[in-house]
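Below is one structure, written out as structure tokens, with a few remarks after it.
Remember, it's a predicted structure, so these values are computed and weren't measured experimentally. Chain letters run A, B, ... following the sequence lines, proteins first, then strands; residues in each count from 1.
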2 protein chains.
Amino acid sequence: MSQTVDRALSILPLLAQGPADLGQVAERLGVHKSTALRLLRTLHEHGLVHRQQDQRYRLGARLFALAQEAVENLDVREIAHPYLTALNERIGHTIHLAVYEEGEVVYIDKVESRYPVRMYSRIGKPVAITVAAVAKLLLADLPEPERRAVAAKLDYPPYTPRSTPNAAAFLKELATVREQGWATDLGGHEESINCVGAPIRGADGRVVAAMSVSAPNVVVTAEELLTLLPQVRDTADAISREYSGTAPTKEASA
Amino acid sequence: MSQTVDRALSILPLLAQGPADLGQVAERLGVHKSTALRLLRTLHEHGLVHRQQDQRYRLGARLFALAQEAVENLDVREIAHPYLTALNERIGHTIHLAVYEEGEVVYIDKVESRYPVRMYSRIGKPVAITVAAVAKLLLADLPEPERRAVAAKLDYPPYTPRSTPNAAAFLKELATVREQGWATDLGGHEESINCVGAPIRGADGRVVAAMSVSAPNVVVTAEELLTLLPQVRDTADAISREYSGTAPTKEASA
DNA sequence: AATGAGCGTTGCACATCCTGCAACGACCAC
DNA sequence: GTGGTCGTTGCAGGATGTGCAACGCTCATT
């Protein structure tokens, strides 16, 4: 692995915490100022860092551009999107699409009733991975050792009394999810929000993404939300079929 | 500037266009495969690229994490947010906050009626920079030479008949915006959407950000939208005062 | 005004680290 | 079974990154 690049990339998370000047970057990187300067300049030329008026560096706009383009090129997302909006038009609630990647669960699409906005607001954050329905679905499909490893490393914040309390409970929940082929989050993240989710599978049967429907208690009870499960699973299955090439490729209706 | 880092970073926009395998990366980078491999590995270790099952590389989730943290650490955004939501509660329409950075205009916050969602969906994209009210505000404040340079380099896509047609018209519009201290987009991007915006200034009087209110024609006419201008300007001014330290610092009400 | 400290910047000599080569192994198609 | 493609590895040569020291700038201090 390349030392120079390694150092340069280490600057990014450092700046993510907040702006820093040359001296701080050099110190936290453990290199000479002149070295840090050259690295920062290179990052700057690529638009990944930006220099503000006070000469301090912070992350640049190109980063958003990259993240944006990246998410738009995810083929699962592209395939799934019309199905998600179609489902949304029928049932009206918020729909999420998420993927698992190297220890993290990331929302890659969202459809909100009447507002078809893609929102990435939670992206990258440690998003309730211990309670979210999509997270359960994605983790439930991991190979045994990785699943245990991930579960052991996680924190289990008690968002609500119904949040997953610890690794043991989580693994047990994952086993259930794995067996039944769908997942819920009943007030585990926010007291009044319930979710039902289903997995999207690739040609080899592995879970490549997960989708969920969320609704507040005041609109539909948890029981009512569960009656939507068949529709959610049907949608997920339809996406799975198209994604794995086993289905009518150019049709996104119900 | 560092050659190694330069090459490594050049991989990112390359992968933004879509997944690529080692050979493609090496070729498009003009380096040997083994070199490309080492660079990709380093990027991978930092989570910036991800390797999918077919061994091809694509951009990784850490990129979102960085973009997310970056946007959350922008102090303008942090200061402005409560003002934006307060205004939104009064008038109900969609509110945007944007900044200018090295030739690009980027949305850094958005408040939608009843849905206080931060949406970054347009981030990084060449977002209607020739017609958006916030873009006009930000560009209008650039120093003369840079303004001309940017205007000359832009494309002027005819989104609608009312879109800015060319650089001359754009510069003229910017002059107007600069003089009057506010800007509009009346159907210049989408036929049925109008916007009014106002600038947010730092202590030195320079425009550091811009905000706008958007509403579809069917809800409010352009004339009605313009009656909101005083409120928009007041909000922008209030943010400016707090941002530049000339105001009650811990108050975000109307 | 003068002085000094702090910070970013530059040019350079050294040697570290990156590069490209060639060979190996895995996988797939024919 | 065989040929081809692609990712991977170890290595030697040298290009490239590194740290040093000195300079200039701005700002705070006396």
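The pair Glu45(B)-Arg41(B) does not meet the salt-bridge criterion, since no charged nitrogen lies less than 4.0 angstrom from a carboxylate oxygen. With salt bridges taken as basic N to acidic carboxylate O contacts below 4.0 Å, one links Arg56(A) and Asp54(A).
Regarding contacts with the backbone of dG17(D), every side-chain N or O of Arg38(A) stays at 4.0 angstrom or more from both OP1 and OP2. Thr4(B) has a side-chain polar atom (N or O) that falls below the 4.0 Å cut-off from OP1 or OP2 of dG17(D). Distances shorter than 4.0 Å separate none of the side-chain N or O atoms of Thr35(A) from OP1 or OP2 on dG17(D). Distances shorter than 4.0 Å separate none of the side-chain N or O atoms of Arg7(B) from OP1 or OP2 on dA15(D).
Between Tyr57(A) atom OH and dC7(C) atom P there is a gap of 14 Å when expressed in whole angstrom units. Rounded to an integer number of Å, the gap from Leu22(B) CG to dG20(C) P is 13 Å. Atom NE2 of His44(B) is separated from atom C1' of dT8(D) by 15 Å (rounded to the nearest Å). Put simply, CE on Met1(A) is 9 Å from P on dT9(D), counting in whole angstrom units. Between the CG atom of Leu40(A) and the C1' atom of dT9(C) there is a distance of 13 Å, rounded to whole Å. Between Gln3(A) atom CD and dT18(D) atom P there is a gap of 6 Å when expressed in whole angstrom units. Distance Asp6(A) CG to dC18(C) P: 9 Å, rounded to the nearest Å. Put simply, NZ on Lys33(B) is 18 Å from C1' on dC18(C), counting in whole angstrom units.
The nucleotide whose nearest atom lies closest to any side-chain atom of Leu39(A) is, among dT18(D), dG17(D), dT9(D), dT18(D). Listed candidates were dG19(D), dT9(C), dG20(C). Nearest to the side chain of His32(B) is dG20(C).
The two atoms that bring Ala140(A) and Leu174(A) nearest to each other are CB-O, 3.6 Å, heavy atoms only.
Judged by closest nucleotide on DNA chain C, Gln55(A) is the one of Gly30(B) and Gln55(A) placed further toward the 5' end.
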Working for salt bridge (charged side-chain N to carboxylate O under 4.0 Å, His left out), residues Glu104(B) and Arg62(A): CA-CA 9 Å; Glu104(B) 295 177 339; Arg62(A) 190 62 52 84; 3.8 Å; yes
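Screening Val150(B), Val134(B), Val208(B), Val106(B) against Tyr100(B) for a side chain to side chain contact (heavy atoms under 4.5 Å, CB included) leaves a single residue, Val150(B).
Arg56(B) comes within contact range of no nucleotide atom at all, as no heavy-atom separation falls under 4.0 Å.
Interface remark: the Ser34(A) side chain does form a donor-acceptor pair with the dC20(D) base, using a distance-only criterion of under 3.5 Å.
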